[in-house]
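Scroll down for the structure; my scribbles are underneath it.
In what follows, chains carry the letters A, B, and so on, assigned in the order in which the sequence lines appear, proteins first and then strands, with residues in each chain numbered from 1.
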2 protein chains.
Amino acid sequence: MKMTIYDVAEKAGVSISTVSRVINNTGRISDKTRRMVLRVMEEMDYHPNVHASALTGKKTNMIGLITPDISNPFFGELAKSIEDSAGVLGFHIIICSTDYQPEKETKYFSMLRQKQADGIIFATGLDHDDSVTALDDIVKSGTPLAMITQDKPLAPMDVVIIDDFLGGYTAAQHLISLGHKKIACIVGNGSTTGERDRIKGFQKAMRQAGMTLDESLIIPTEYSLESGKQAAAELFDRDLPTAVFAFNDVLSCAAIQAARSRGIRVPEDLSVIGFDNTILAEMTAPPLTTISQPIREMGRRVVELLIDEIQGKKKAKSKIVLSPELVIRQSTAPAKTRPQQ
Amino acid sequence: MKMTIYDVAEKAGVSISTVSRVINNTGRISDKTRRMVLRVMEEMDYHPNVHASALTGKKTNMIGLITPDISNPFFGELAKSIEDSAGVLGFHIIICSTDYQPEKETKYFSMLRQKQADGIIFATGLDHDDSVTALDDIVKSGTPLAMITQDKPLAPMDVVIIDDFLGGYTAAQHLISLGHKKIACIVGNGSTTGERDRIKGFQKAMRQAGMTLDESLIIPTEYSLESGKQAAAELFDRDLPTAVFAFNDVLSCAAIQAARSRGIRVPEDLSVIGFDNTILAEMTAPPLTTISQPIREMGRRVVELLIDEIQGKKKAKSKIVLSPELVIRQSTAPAKTRPQQ
DNA sequence: CTGTTAGCGCCTTCAT
DNA sequence: ATGAAGGCGCTAACAG
């Protein structure tokens with residue numbers, strides 16, 4: 001049942017180049033023959049062989065998505081949005097889950113180059129040196145690149161991020177408006193530009209309110225439930241704040257759990273604000289006040305940018321900065337005017 | 001810098017067919033030339049062009065994964081495991097997220113056929129008629145197929161499932177052992193074989209304990225937080241049980257939330273047991289007692305099965321049934337001997 | 001506007 | 001054990 005361009009040509013009574021031309025919308029063809037070829041293709045349920053055309057240097061309609069961990073709800077939702085948006089435009093996604101291991105990153109690079117992926121979207125850190133040199137190869141090959149949730153000027157590429165500074169600022173403002181003065185931040189490992197910006201935004205809001213963020217209340221940790229719990233536990237035992245700003249929803253859950261196991265009530269004794277607004281935020285108890293990232297839109301936008309470039313519709317790289325938004329649920333509450341009262 | 005088989009042949013002083021032979025481990029080659037060719041390939045960092053070899057009917061090293069929704073933690077973790085396991089064996093995954101829309105299913109089928117995916121893993125219902133006919137085409141093409149989390153005899157294919165009967169049985173047993181008598185089940189839309197088996201297992205345990213499962217306490221709903229909450233709410237308002245068995249972790253969260261908003265305490269007033277043991281189970285408050293599916297192992301096993309078949313190492317289809325396991329956390333507790341005491 | 005033809009990189013008989 | 005040559009399905013000059 002495998003139709004080739006020859007079958008179509010024969011049945012349409014034209015040559016294969018004519019068929020090829022209508023497929024690719026190239027060269028001049030009389031409207032009449034175009035329509036008839038189109039009809040024949042339809043009738044025969046013909047679909048061009050991707051590998052044959054890739055072999056001659058054409059597109060493969062495949063985009064690689066490099067992500068640290070699709071089982072993490074944030075990246076899961078992002079991947080889904082990217083897959084959806086790409087699908088509409090006729091592209092398909094190869095997932096590459098690095099599990100935070102830089103070696104895997106470089107492995108994926110070379111495999112994507114080999115398979116002639118039309119473009120690559122990065123959602124990982126790209127920290128390791130090997131990754132960077134491997135990246136160079138890809139850049140030289142001219143493959144369009146895009147980066148999401150992060151803005152590292154490693155190579156010219158499209159970027160879609162949120163205004164992390166604003167996110168940090170908004171979170172702080174919310175807590176401050178509730179009367180909190182002693183606020184801790186549970187941050188990640190500090191490797192992304194986003195994290196640093198969030199801290200800066202947070203500090204700005206504090207300063208504007210005439211406060212300062214105590215360095216000892218900035219707690220670095222890994223982005224996992226376990227390490228988050230541990231970090232929060234240590235903090236609470238050492239120096240209990242009245243509010244915590246956790247840098248993602250998982251860490252917020254961690255903070256809430258650590259609090260609960262110590263008899264600290266959320267939000268009565270401790271307010272917790274998260275980041276991302278993934279499905280987790282609705283699942284926790286109490287439901288999480290959090291800074292929402294427009295995940296679906298972010299996915300849609302990277303894909304648009306990248307595919308525009310793949311199709312040669314645009315050349316200049318662009319950066320899109322989306323706004324985060326405060327979503328108030330029930331994990332934050334006014335600070336008590338006096339402790340323990 | 002694109003190396004071809006010709007470059008290798010020239011540098012090695014042999015013909016391309018010799019090189020081809022060592023690449024594919026085919027035909028007879030002197031050990032000496034094999035080693036030298038291998039060395040040259042290494043030196044030149046040569047990697048065969050997948051498209052060219054696909055064009056001649058060889059493998060593409062790509063596997064399609066058809067899943068309803070990777071942003072759902074269960075499928076996210078499954079996808080990750082599948083991607084990992086496949087990666088180790090040199091295969092890559094194209095994700096196809098159907099969003100529970102059968103039309104998308106058939107679209108993906110045809111695209112995977114076109115791209116000559118070496119195999120396909122289904123994690124979706126395959127309910128729609130169109131999907132089934134489209135499936136036929138794929139079966140005829142001889143593409144190895146595998147199905148996970150479900151056992152529908154639509155076509156000969158490998159299957160990896162858990163013992164859902166046992167899962168339902170275990171859940172019931174746990175609740176019964178805690179003294180619960182009035183137990184409700186929040187099930188899905190009933191389309192999968194797994195669901196039906198769980199109910200059967202549940203009923204078996206009830207019967208063994210001399211009880212029966214009241215039909216009116218089997219609540220069908222969609223697998224989403226929203227509809228779960230609504231279903232639970234209606235149930236609670238109508239006829240409050242002392243325990244609920246929800247068919248996945250999301251529905252458990254829904255039940256817990258519906259309970260809380262009514263002042264029903266979990267687990268004091270109401271025990272809730274879930275299914276899947278996704279990351280959600282640890283995130284909720286209280287942490288969820290749930291029936292654990294060995295997600296990672298399931299992923300690994302389908303991949304092994306499918307790839308074995310792709311590589312012609314096995315022909316007969318096999319079915320692997322893994323055991324679910326009870327994970328006790330804090331959402332279940334002994335039934336009160338008397339209501340309201 | 002349309003047809004002819006030479007590759008793209010690799011696999012696979014068929015000879016040697 | 002190795003080489004030569006045709007073909008996989010399609011694109012892109014190059015001729016009409």
Side-chain angles (χ1 to χ4, degrees), chain A residues 1-38 40-41 44-62 111 113-116 118 141-142 311-312, chain B residues 1-38 40-41 44-62 110-111 113-118 141-142 311-312:
Chain A
M1 292 305 92
K2 243 185 195 167
M3 307 282 84
T4 78
I5 199 172
Y6 287 96
D7 301 320
V8 177
E10 184 176 2
K11 184 148 180 204
V14 296
S15 78
I16 60 163
S17 28
T18 303
V19 177
S20 175
R21 286 189 183 100
V22 350
I23 293 175
N24 302 290
N25 264 306
T26 169
R28 252 178 290 294
I29 301 197
S30 80
D31 228 54
K32 192 177 126 204
T33 58
R34 147 170 291 116
R35 263 200 298 278
M36 90 104 59
V37 169
L38 247 20
V40 172
M41 295 199 308
M44 306 180 75
D45 189 37
Y46 164 78
H47 296 277
N49 179 311
V50 205
H51 298 109
S53 85
L55 195 52
T56 70
K58 296 309 239 184
K59 311 270 74 91
T60 56
N61 290 317
M62 288 182 343
M111 98 85 176
R113 194 163 41 76
Q114 252 202 72
K115 281 214 164 37
Q116 294 175 231
D118 293 338
S141 77
Q311 299 180 332
Chain B
M1 291 315 89
K2 242 183 194 167
M3 307 282 85
T4 78
I5 198 173
Y6 286 95
D7 300 320
V8 177
E10 184 175 2
K11 186 151 178 198
V14 297
S15 79
I16 62 163
S17 19
T18 304
V19 178
S20 176
R21 284 185 185 105
V22 350
I23 294 176
N24 302 291
N25 265 308
T26 168
R28 253 177 292 293
I29 299 197
S30 80
D31 227 54
K32 191 177 125 205
T33 58
R34 148 171 291 115
R35 264 201 298 279
M36 90 104 59
V37 169
L38 246 21
V40 172
M41 295 200 305
M44 306 181 72
D45 189 36
Y46 164 79
H47 298 275
N49 179 312
V50 204
H51 297 107
S53 83
L55 195 52
T56 70
K58 296 309 238 184
K59 311 272 71 92
T60 57
N61 291 316
M62 289 183 341
S110 83
M111 99 86 174
R113 195 164 40 77
Q114 251 203 73
K115 282 211 163 38
Q116 295 177 229
D118 292 338
S141 77
Q311 299 180 332

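- Rounded to whole Å, atom P of dG9(C) lies 17 Å from atom CE of Met41(B).
- For Arg21(B), the side-chain atoms get nearest to dA4(D) when compared with the rest of dG3(C), dC10(C), dA4(D).
- The side chain of Leu55(A) lies closest to dC8(C), out of dT12(C), dC8(C), dC10(D).
- Along DNA chain C, the nucleotide nearest to Thr26(B) and the one nearest to Arg28(A) differ in position, and the one closer to the 5' end is contacted by Arg28(A).
- If you measure from atom CE of Met3(B) to atom P of dC8(C), you get 14 Å, rounded to the nearest angstrom.
- With dA12(D), dC10(D), dT12(C) as the candidates, the nucleotide lying closest to the side chain of Lys58(A) is dA12(D).
- Val37(B) is not listed as a side-chain neighbour of Ile29(B), based on a closest heavy-atom distance of 4.5 Å or more.
- Among Val19(A), Thr4(A), Ile23(A), the single residue meeting the side chain to side chain contact (heavy atoms under 4.5 Å, CB included) criterion with Pro48(A) is Ile23(A).
- For the pair Asn49(A) and dC8(D), the criterion of a side-chain N or O lying under 4.0 Å from OP1 or OP2 is not met.
- Under 3.5 Å, the side chain of Ser20(A) and the base of dA12(D) form no donor-acceptor pair of N or O atoms.
- Going from atom CD of Gln116(A) over to atom C1' of dT11(D) covers 14 Å, rounded to whole Å.
- Between Val50(A) and Lys59(A), the closest heavy-atom pair is CG1-O, 4.5 Å.
- For Ser53(B), the side-chain atoms get nearest to dC10(C) when compared with the rest of dC10(C), dG3(D), dC14(D).
- Side chain of Thr60(B) to main chain of Gln116(B): a donor-acceptor pair is present (N/O by atom type, distance under 3.5 Å, no hydrogens or angles).
- Each of Ser15(B) and Ala52(B) was assigned the nucleotide of DNA chain D with the nearest heavy atom; the assignment lying further toward the 5' end belongs to Ser15(B).
- Counting only heavy atoms from C-beta on, Ile5(B) has its side chain closest to dC10(C) among dC10(C), dG3(D), dG9(D).
- Comparing dT11(D), dC10(C), dG3(C) against the side chain of Tyr46(B) picks out dC10(C) as the nearest.
- Each of Ile16(B) and His47(A) was assigned the nucleotide of DNA chain D with the nearest heavy atom; the assignment lying further toward the 5' end belongs to Ile16(B).
- Between the NZ atom of Lys2(B) and the P atom of dG7(C) there is a distance of 18 Å, given to the nearest Å.
- Listed candidates were dT2(D), dG7(C), dT2(C). Nearest to the side chain of Thr56(A) is dG7(C).
- With hydrogens and angles left out, the side chain of Thr18(A) and the base of dG3(C) share no donor-acceptor pair within 3.5 Å.
- At the heavy-atom level, Thr4(B) lies under 4.0 Å from the strands shown only through sugar-phosphate atoms.
- Distance, His51(A) NE2 to dC8(D) C1': 12 Å, rounded to whole Å.
- In this entry the distance linking CD of Glu10(A) with P of dT4(C) reads 13 Å, nearest Å.
- Within 4.0 Å (heavy atoms only), Val19(A) reaches no atom of the nucleic acid at all.
- No more than 12 heavy-atom neighbours from other residues, nucleotides or ligands sit within 6.0 angstrom of CD on Glu10(B).
- Closest of all the heavy-atom pairs between Val40(A) and Ala12(A) is CG2-CB, 3.9 Å.
- Atom CD1 of Ile23(B) and atom P of dG9(C) are 13 Å apart (whole Å).
- Lys59(A) has its NZ atom 15 Å from the C1' atom of dA12(D), to the nearest Å.
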